Amino acid sequence: MADVTAESPGTPEPSLHRVMGPGLLLLFIVGDILGTGIYALTGRVAAEVGGAVWAPFVVAFLVALITGLSYLELVTKYPHAAGAALYTHKAFGIHFFTFMIAFAVLSSGITSAATASRAFAANFAEAFEFEVGTGIAITAVALAFMAVVGAINLRGVSEGVKLNVLLTCVELTGLLIVIAIGLWALGFGNGDFGRITEFQTGDRTALGGVIVATTLAFYAMVGFEDSVNMAEECKEPTRIFPKVLLTGLLVTGTIYVLVSITSVALVPPDQLGEGDTPLLQVVEVGAPWFPTHIFAFITMFAVANSALINMLMASRLLYGMARQSVVPRAFGHVHARRRTPQIAIAFTTLLALGLIGFVGEVPELGGTTALLLLAVFTVVNVAVLVLRRDPVAHKHFRTPTALPVVGALSCGFLVTPFTDRNPDQYVIAGVLLAIGVALWGVNQLAIRFQRTEPATPATPTPEP
């Protein structure tokens, strides 16, 4: 079928451009998971659990893997944009519920991107040794950066994905440097491997400490779910997704465990938990001769990648929901030449620009983002079982029935206050969801107004 390159009355809306093969999709997934989290949260996790900092990352990886298998069944069964919101809509058919799931995912992506923009600005100042403080100048740099991300997103998914390849290679290199320096230093006896079995959880039991730390570590594992929103821009998504998504999860999980082990072996957990640059401490201890200012650039690229991927995801999610008539159909408009959802991109970019002045620091964001996504993952695991009653004509991946049950129970538990989660995260999530309810009301009023608005009378054709 020929590509649609121009729009005219009666011409179908152009589709998104399928440019992502297995390699690009793998780098997208790896780059999305290896984002802001591991560079900033390793120390925070160590502060909760002590030397066994690897344990929460392993638990978070297992929960993510189980949920990832549920996503695989659904994305190969329904290879369309919108991800969790689409699956919720098909499983339950309740527009309000679908809208809130979409808004939860959208909020987590945009808020992560906005926070990554501020982190980019801070690292930009450090890398170039600018004295910009933490006020207006940082905000201005973050706003300019987000505008550039929006322009890249608008230009085309090919440009965005190619830039993601470059940024993923940079952030992956940074983590491999940490691992290599750690192993090199430990090989010369500059560390203590005995720390990795020590639990320092304060008044909590070892299990309680691991659970609390997992609620933080899970933020470092999220990102795989963003890839399903790119399904309409992937080549043969039903065929390539299973192998690529599982490979991406295994690669990132392995890297996280190696980084956490080498970090705590070189730097005591109480020191690792101080400050916002735990991996920089590891490099300084393991290789004092290494030019540590390079890490400001590496971290800058890592958070830039997080912002780019989250904005790609958010705009495609909004586009997909417009095609399902859950949000106004204008958001599903695709640029005839660029093949990008231009209105969805503009809207999500404006939201991110508005949030940049109000987002908190990474730990606060990480916990809230993980809370919202764990709630979404609970619904997705249930949706897999419900949609078993909806067979499709083509072959698709099928996860063992027991795993979605385990996934729903584990994700649901991690949402509850029994995990000793910071109560502020529930407050922030509640405010975001309240905004979603308000937007739902506005959307419903707009739909009703469109239905009741009288049609414009047709212009009579003059008689010959």
Side-chain angles (χ1 to χ4, degrees), residues 30 33-61 64 119 123 126 170-202 206 209-210 212-221 250-303 306 361-363 366-367:
V30 171
I33 298 175
L34 295 180
T36 308
I38 188 64
Y39 278 92
L41 290 181
T42 305
R44 304 282 178 168
V45 174
E48 296 289 349
V49 77
V53 66
W54 53 271
F57 284 107
V58 170
V59 175
F61 165 75
N123 281 279
E126 183 177 343
V170 172
E171 65 183 351
L172 183 58
T173 300
L175 295 176
L176 293 178
I177 288 174
V178 172
I179 294 171
I181 287 176
L183 294 177
W184 180 83
L186 289 167
F188 285 93
N190 299 329
D192 182 7
F193 265 120
R195 295 192 192 117
I196 67 175
T197 60
E198 296 175 355
F199 288 87
Q200 300 168 13
T201 57
V210 169
V212 173
T214 299
T215 63
L216 280 175
F218 196 80
Y219 175 63
M221 282 305 306
L250 289 171
V251 168
T252 53
T254 301
I255 289 174
Y256 280 178
V257 171
L258 290 175
V259 168
S260 59
I261 289 176
T262 55
S263 296
V264 80
L266 283 177
V267 182
D270 54 342
Q271 295 180 26
L272 198 64
E274 296 176 356
D276 297 320
T277 56
L279 299 190
L280 181 59
Q281 294 185 56
V282 176
V283 174
E284 289 173 341
V285 171
W289 44 265
F290 190 86
T292 53
H293 70 277
I294 290 178
F295 256 80
F297 286 94
I298 292 176
T299 305
M300 186 171 67
F301 286 129
V303 298
S306 294
E361 297 180 358
V362 170

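This is a predicted model, so every value here is computed, not measured.
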Just how far is it from atom [atom1] of [X] to atom [atom2] of [Y], taken to the nearest 0.5 Å?
| X | Y | atom1 | atom2 | answer |
| --- | --- | --- | --- | --- |
| Ile33 | Glu171 | CD1 | CD | 10.5 Å |
| Ile179 | Ser260 | CD1 | OG | 9.0 Å |
| Leu266 | Ile261 | CG | CD1 | 12.0 Å |
| Ile255 | Leu175 | CD1 | CG | 6.0 Å |

Over all heavy atoms of both residues, which pair between [X] and [Y] is shortest? Give the atoms and the distance, please.
| X | Y | value |
| --- | --- | --- |
| Gln281 | Gln271 | OE1-O, 3.1 Å |
| Thr201 | Ala206 | OG1-N, 4.1 Å |
| Glu48 | Leu216 | CG-CD1, 4.2 Å |
| Gly286 | Ile181 | C-CG2, 3.7 Å |
| Pro56 | Val49 | CG-CG1, 4.0 Å |

TODO: Could you tell me whether the side chain of Phe297 reaches within less than 4.5 Å of the side chain of Val170, counting heavy atoms only?
DONE: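 They are not in side-chain contact.
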### Beyond-backbone contact of Thr254 with Phe61, side-chain heavy atoms, under 4.5 angstrom
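Sidechains of Phe61 and Thr254: no contact.
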query: Pick from Val282, Val53, Val45: which one makes a side-chain contact (heavy atoms from CB on, under 4.5 Å) with Leu272?
result: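 Considering Val282, Val53, Val45, a side-chain contact (heavy atoms from CB on, under 4.5 Å) with Leu272 is found only for Val282.
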Next item on the list: Please lay out, stage by stage, how Val259 and Phe57 fare under the test side-chain contact (heavy atoms from CB on, under 4.5 Å).
Entry: CA-CA 10 Å; Val259 168; Phe57 284 107; over 6 Å; no
Checklist entry - Just by distance, do the side chain of Tyr256 and the backbone of Ala217 share a donor-acceptor pair under 3.5 Å? => result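 Such a contact is absent between Tyr256 side chain and Ala217 backbone.
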- Mark yes or no for whether Arg195, through its side chain, and Val264, through its backbone, hold a donor-acceptor pair below 3.5 Å.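 Between the backbone of Val264 and the side chain of Arg195 there is a qualifying donor-acceptor contact (under 3.5 Å).
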